[in-house]
Structures are given as C-alpha cells and as structure tokens.
K.L.:
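Submitted below is the structure of interest, expressed as structure tokens.
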Amino acid sequence: MVEIVNIVGSGALDVELDLERLADDIGDPVARYNPDNYPGMYLRFGEDEPLVTVYRTVKYILTGADSDDELHSLRERFLAFFANLGVLEEPEDEWFSVQNYVCTGDLEGAQNLNALAIGLGLEKTEYEPEQFPGLIYRPDSRDCVILIFATGRVVVTGARELEIAERAFKQLQNTLSEYL
DNA sequence: TGAGCGGCTCCTTATATATCAGCTTCGG
DNA sequence: CCGAAGCTGATATATAAGGAGCCGCTCA
C-alpha cells in the first residue's frame with residue numbers, strides 16, 4: 001500500500017489580482033511576495049501548513065498537503081480568506097483539479113537494482129547510480145513514474161489520481177513476486 | 001540588418017527516496 | 001592538529017504556474 005506524502009493541485013479564480021497590494025494588505029508571515037525572484041505570491045496559513053501560490057492571472061497552486069481532506073480544506077480556507085478580503089465575491093473558483101500525487105511505498109526487502117532494471121525492461125528503466133541512487137521506472141501505462149531504491153523503499157509520482165499510484169505499486173509488487 | 005515573434009529552458013514550491021562531495025564542528 | 005562525525009547542498013522524479021532570457025526563423 002502507498003502513503004501520500006504530497007499532493008499538488010491547481011485552480012483558477014474569476015478575478016484579476018493586484019499582487020503587490022494584496023501582499024501588503026495581508027502582510028507577514030502569511031504572505032510572501034518577491035516578484036524579482038518569482039512572479040507568484042506565496043500564502044501559508046500557519047507553520048507546517050501546505051503552501052498556496054497565487055498568480056496575477058488569477059490561477060493558483062496548492063502544494064504540500066498529504067491527504068485529499070487537507071488539500072480540499074486548504075482550498076476552502078484560501079477561497080474564504082480571499083472572500084473575506086473582498087477579493088472574491090463568493091468563495092468559489094472557476095475550476096480546480098489535482099495535478100500530481102506523490103506517494104511512498106515499501107517493497108519490504110533489499111533490491112538488486114541492476115537485476116531489476118533488466119527484469120522490468122531496460123526500455124522502461126533508467127539506472128545510473130553515479131548520477132542518482134534510485135532506479136527510475138516508467139510503467140507501460142505511462143501515467144506515473146516510480147523511483148525504486150536498493151533498500152526497497154519506493155516513491156511513486158506523477159499520478160493524477162490516487163488509484164493510479166496504488167495500481168502501479170501493486171503491479172510492481174506482482175511483477176517482483178513473479179521473479180522470486 | 002534588424003525587428004518581432006514563437007518556442008524552449010530555467011527559476012520556485014512541496015515531497016518522499018539515497019548517495020555523493022564539501023564544509024563545519026567537536027573530541028582526543 | 002587531525003580524524004571522525006554531522007550537516008548542507010547537489011544529484012533525479014512529477015506537476016502546476018508567470019516571467020526572464022535565449023535561440024532560430026521569417027519578413028520588411
């Protein structure tokens with residue numbers, strides 16, 4: 001089974017924003033805005049809270065949530081926050097969707113990554129230990145990428161749905177058990 | 001020849017994973 | 001004063017976003 005460690009979601013609002021003024025009104029430590037460094041304004045509603053990045057064009061990104069509940073409560077809090085500021089008429093957005101689930105898993109046993117690269121198929125894997133210690137595996141479904149480490153620890157990333165990450169991990173487990 | 005435009009890359013953020021180099025700090 | 005230990009930042013993965021900078025191409 002995989003465990004979610006990070007979810008990236010994005011959405012768009014139905015208003016034009018003056019980030020300079022907004023950042024001044026909100027102030028530290030909730031808002032951070034350095035247009036010379038990056039065009040997005042960062043909002044964080046407390047320590048260890050996930051991050052909201054807002055753009056002039058009304059689009060925004062949520063990063064750092066480790067559950068769907070946390071992601072959606074952050075989104076609601078962000079929309080309510082802008083509604084209270086008078087930026088939004090109603091706490092609603094034009095659209096919102098999850099872009100990427102990052103999950104971890106454990107194969108429960110040390111792995112020989114050189115053998116695994118051959119077993120999984122050289123055309124689907126990249127393993128250059130001098131460049132990076134993990135094996136990069138791209139399943140045929142091509143809807144996510146799996147990083148496999150010699151310890152048996154695994155990272156699944158790039159999935160737009162949790163079910164995709166779960167299915168890819170299960171298929172990896174099944175493939176490995178066929179070789180044993 | 002130069003202006004303009006399209007396409008591309010990098011920057012930043014979160015997050016797990018592991019391995020290296022290079023640096024600081026600490027004890028004997 | 002030197003080795004060891006600890007820490008930091010690079011390596012790679014995905015993904016959204018806007019802006020800066022770069023390159024090549026077309027047209028006047």
Side-chain angles (χ1 to χ4, degrees), chain A residues 1-20 22-23 29-68 70-75 78 93-114 116-117 120 124-139 141-169 172:
Chain A
M1 197 36 82
V2 296
E3 184 188 340
I4 302 171
V5 293
N6 182 28
I7 308 174
V8 180
S10 65
L13 307 171
D14 197 15
V15 281
E16 217 18 79
L17 299 174
D18 179 350
L19 293 184
E20 196 78 52
L22 260 177
V30 174
R32 279 192 296 135
Y33 180 52
N34 297 95
D36 293 341
N37 190 241
Y38 190 69
M41 174 178 71
Y42 301 119
L43 294 179
R44 204 189 295 270
F45 302 109
E47 277 184 53
D48 299 321
E49 288 281 313
L51 184 76
V52 183
T53 309
V54 191
Y55 300 88
R56 173 188 56 78
T57 55
V58 313
K59 291 181 182 171
Y60 67 95
I61 301 172
L62 307 185
T63 52
D66 57 14
S67 69
D68 286 311
E70 190 181 29
L71 180 77
H72 288 102
S73 69
L74 172 69
R75 173 177 157 254
F78 162 64
D93 43 12
E94 282 194 334
W95 55 270
F96 181 79
S97 62
V98 171
Q99 303 294 342
N100 182 18
Y101 279 93
V102 184
C103 305
T104 56
D106 197 341
L107 296 171
E108 285 163 8
Q111 302 295 318
N112 178 336
L113 298 185
N114 283 307
L116 202 53
L120 291 171
K124 301 174 205 167
T125 58
E126 291 170 49
Y127 179 47
E128 290 172 59
E130 286 168 22
Q131 193 177 32
F132 187 71
L135 180 152
I136 300 150
Y137 173 48
R138 296 170 198 277
S141 52
R142 305 202 66 82
D143 48 13
C144 68
V145 172
I146 306 178
L147 310 184
I148 307 166
F149 298 87
T151 56
R153 298 287 295 164
V154 161
V155 175
V156 185
T157 187
R160 295 185 103 88
E161 288 166 33
L162 180 56
E163 191 191 271
I164 290 170
E166 286 173 340
R167 192 175 58 230
F169 182 69
L172 175 64

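Since we're looking at a predicted model, the values are computed, not measured. Heavy-atom basis, side chains included; hydrogens, waters and symmetry copies ignored.
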K.L.:
Send over the distance from A:F78 CZ to C:dA16 C1', rounded to a whole Å.
P.N.:
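After rounding, the reported distance stands at 14 Å.
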K.L.:
How many whole angstroms separate atom CG of A:L17 from atom P of C:dA17?
P.N.:
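Interatomic distance, CG of A:L17 to P of C:dA17: 15 Å.
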K.L.:
Could you tell me the separation between the CG atom of A:L113 and the P atom of C:dT13, rounded to a whole number of Å?
P.N.:
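Nearest whole value for this atom pair: 15 Å.
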K.L.:
Taking all atoms of both residues into account, what is the closest heavy-atom pair of A:N100 and A:G158, and its distance?
P.N.:
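Scanning both residues completely, I find the closest heavy atoms to be OD1-N, 2.7 Å.
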K.L.:
Base, sugar-phosphate, or nothing for A:S97, non-hydrogen atoms under 4.0 angstrom?
P.N.:
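The answer is nothing, as A:S97 stays clear of every strand by at least 4.0 Å.
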K.L.:
Side-chain N or O of A:R138 versus OP1/OP2 of C:dA14: is the shortest distance under 4.0 Å?
P.N.:
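For C:dA14, OP1/OP2 do have a side-chain N/O of A:R138 under 4.0 Å.
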K.L.:
Please give, in whole Å, the distance from C:dA14 C1' to A:L162 CG?
P.N.:
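Computing the A:L162:CG to C:dA14:C1' distance gives 15 Å.
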K.L.:
Could you tell me which non-hydrogen atom of A:C144 sits nearest to which non-hydrogen atom of A:V156, and how far apart they are?
P.N.:
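Where A:C144 meets A:V156 most closely, the heavy atoms are SG-CG1, 4.1 Å.
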K.L.:
State whether the side chain of A:D66 and the backbone N or O of A:N6 hold a donor-acceptor pair below 3.5 Å, judged by distance alone.
P.N.:
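Pair absent, no side-chain N/O of A:D66 close to backbone of A:N6.
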K.L.:
Ignoring hydrogens and angles, tell me if any N or O in the side chain of A:Q111 forms a donor-acceptor pair with the backbone of A:G109 under 3.5 Å.
P.N.:
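Pair found, side chain donor or acceptor close to backbone of A:G109.
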K.L.:
Which of parallel (below 30°), tilted (30 to 60°) and perpendicular (above 60°) describes A:Y60 and A:F78?
P.N.:
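Correct class here is tilted.
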K.L.:
Would you mind reading off the distance between A:R160 atom CZ and C:dT13 atom P, rounded to a whole angstrom?
P.N.:
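My rounded result for the distance is 18 Å.
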K.L.:
So, taking the atom named NZ in A:K124 and the one named CD1 in A:I146, what distance separates them when rounded to the nearest 0.5 Å?
P.N.:
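Rounded to the nearest 0.5 Å, the NZ-CD1 separation comes out at 11.5 Å.
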K.L.:
Determine to 10° how strongly the helix from B:dT1-C:dA28 to B:dG28-C:dC1 is bent, judged from the axes of its five-pair ends.
P.N.:
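End axes: 60° apart.
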K.L.:
Using a 4.0 Å heavy-atom cut-off, write out nucleotides 9-16 of chain B from 5' to 3' as B (base contacted by protein), S (sugar-phosphate only) or - (no contact).
P.N.:
--BBBBBB
K.L.:
More 5' along DNA chain C: A:K59 or A:A159, using each one's nearest nucleotide?
P.N.:
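Comparing both residues, the 5'-ward one is A:A159.
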K.L.:
Closest approach of A:D106 and A:G152, non-hydrogen atoms and distance?
P.N.:
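Taking A:D106 first and A:G152 second, the nearest heavy atoms are OD1-O, 3.5 Å.
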K.L.:
Does a donor on one side chain and an acceptor on the other come within less than 3.5 Å for A:D68 and A:Y101?
P.N.:
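Short answer, yes.
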K.L.:
Find the distance A:Y33:OH to C:dA17:P and express it as a whole number of Å.
P.N.:
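Taking OH of A:Y33 and P of C:dA17, I get 18 Å after rounding.
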K.L.:
Specify the separation, in whole Å, of atom CD1 of A:I4 and atom C1' of C:dT13.
P.N.:
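Those two atoms, CD1 and C1', are 17 Å apart.
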K.L.:
Within this structure, what is the CD-to-P distance between A:Q99 and C:dT15, rounded to whole angstrom?
P.N.:
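Taking atom P of C:dT15 as the reference, CD of A:Q99 is at 9 Å.
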K.L.:
Is A:Q131 close enough to C:dT11 that one of its side-chain N or O atoms is under 4.0 Å from OP1 or OP2 there?
P.N.:
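Answer is no, no contact under 4.0 Å.
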K.L.:
Identify the two heavy atoms, one from A:Y33 and one from A:A23, that lie closest to each other, and give their separation to 0.1 Å.
P.N.:
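Distance-wise, the nearest heavy atoms are CB-CB, 3.7 Å.
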